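Quick notes on the structure that follows.
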Amino acid sequence: MLPVMNLFCVIIPFLLLSASFLEIAIIEMAPTEGISTSGAGTTSLARSEEDLLQPKVIVTDTELFLGTVFGSKHVSYVYMEIRDGVEVPSYDWQALNTELAGFREQLEEAFPTIPVSKITILTVDDIRYDNIVRIIDVCADNGFDQPGLQVAAYDVLQRQMAAQAAAQGGGTP
Amino acid sequence: MSAPTKRHVPLLLGYGKSKASIRGKSNTVTLNLTSMIDMFTILVVFLLKSYNADGQIVSVSAEMMLPESRAVQPVSLNLEVTITASAILVDGDPVVAVNETILSEGNPIPELVNRLVDHLEYTRQVRGTTDGEEMKVNIMGDVAIPAILLQRVMSSCAQAGYATQNLTVIKVEGGYSDGAT
């Protein structure tokens, strides 16, 4: 028994020193063009098919939308929740997951040859960082693992959504 | 103070001892190794599970709380840009203070762009060339920072030439600490 105890007495301090109780990971962001507060976003003429099909998760202070090539959909209203002892705004992540899964199915039926993994998260300027990360997680769960971030003022965002709805011919912003 | 009486002495000497030892019989106390080894085995298994041969390459300051994520991509050693509620730091050096002006505009931050360009130029001079790895930056942000601040830092990185921007997060298995899945 004593040699085993000696071994343990050596190995436990060593393992304690090299143990990491907090695991860090990274999320690789796709380069996106930011939208200025004046709304003068730049648009590339040579956009790929994937770029044309990529969805947008639109986040405002009050609502969460999903804008896709098939139309814009309301996903969730904001609600307050306690996170780490602080009351913070949150959204229905399960509803977003369901909508994105539905969009993924539609996409694979309509455009089976075009792989779409890019997604844009379009937010107003005061959305919390942890909410953005949670949206990225839900997107990654549904295969949209190249997230980009665009931030716009609320009125600019409204104009973007209206323009998108008009371009799609009747989607509900 | 008076000396203890004869009645008190045997009681004081016998404190904490068994009746057998008080009577003069030998009573060897042995350590029960079996239960101790059981405990150590559990401890070793737990520590082996938390063992990390890579070491800690990211240091998170106490005043900042990183967001939780289910991301699985391991962190790599890149230039660190830290965003706290009060300042933006590049490799630990404060570059810009966060104030109302910073939060009200939506373009790259000139001071940050200059600092990042200097860093990239320094790397180029030291190494002679810059490949893909040097063009990556890890952004560490507090959970409560607003999106505009994150976007301004990201666009500053992009303007300075750091094409790949990674968000540093705390990896969680399964659900988040607040119970959300």
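In what follows, chains are A, B, ... by sequence order, proteins preceding strands, each numbered from 1. Because the structure is a prediction, the values reported are computed rather than measured. Hydrogens, waters and symmetry mates play no part in the numbers below; they use all other heavy atoms, side chains included.
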_Polar contact flag, side-chain donor to acceptor under 3.5 angstrom, A:Asp137-B:Ser69_ = yes
*asked:* We want to know whether A:Thr120 and A:Gln54 form a side-chain donor-acceptor pair, criterion being a heavy-atom distance below 3.5 angstrom.
replied: yes
*Hey, what's the ring geometry for B:Tyr162 with B:His119, parallel, tilted or perpendicular (30° and 60° as the breaks)?*
tilted
Region of [X] in contact with chain A, defined by heavy-atom distances below 4.5 Å:
X        : value
B:Ile37  : both
B:Ala158 : neither
B:Ser155 : neither
B:Met140 : neither
B:Ile139 : backbone

*Are B:Leu150 and A:Leu149 close enough that some pair of their side-chain heavy atoms sits under 4.5 Å apart?*
yes
*Select, from A:Asp141, A:Val4, A:Asp84, the one with the greatest count of heavy-atom pairs under 4.5 Å involving chain B.*
A:Asp141
_Heavy-atom pairs under 4.5 Å with chain B, option from A:Leu15, A:Ile27, A:Leu16, A:Ile82 with the top count_ =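 Top count of heavy-atom pairs under 4.5 Å with chain B: A:Ile27.
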*Tabulate, in ascending numerical order, the residues of residues 109-117 of chain A having at least one heavy atom closer than 4.5 Å to a heavy atom of chain B, or enter 'none'.*
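Within residues 109-117 of chain A, near chain B: nothing under 4.5 Å.
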Tell me which of these, [options], has more heavy-atom pairs under 4.5 Å with chain A than the rest.
options                               : value
B:Pro74, B:Ala144, B:Ala163, B:Pro108 : B:Ala144
B:Asn166, B:Val143, B:Val172          : B:Val143
B:Leu66, B:Thr41, B:Ile83             : B:Thr41

*Below 4.5 Å from any heavy atom of chain B, which atoms of A:Ile136 appear? Answer side chain, backbone, both or neither.*
side chain
*asked:* Does any backbone or side-chain atom of A:Ile12 lie under 4.5 Å from a heavy atom of chain B? Answer side chain, backbone, both or neither.
replied: both
_Pairs involving residues 7-22 of chain A, ordered by first then second residue, that meet salt bridge (Lys or Arg N to Asp or Glu O under 4.0 Å) (sequence neighbours left out)_ =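 Sorted pair list comes back empty.
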*Ring-face cation contact, A:Phe144 with A:Arg104, 6.0 Å cut, 45° max*: yes
_Looking at B:Tyr122, I want to see if its OH is surrounded by more than 12 non-hydrogen atoms of other residues, nucleotides or ligands under 6.0 Å._
no
*N-O pairing of B:Asp93 and B:Arg115 below 4.0 Å*: yes
N/O donor-acceptor pair under 3.5 Å between [X] side chain and [Y] backbone:
X        : Y        : result
A:Asp126 : B:Ala147 : no
A:Glu87  : A:Glu81  : no
A:Ser72  : A:Thr68  : no
B:Asn138 : B:Leu79  : no

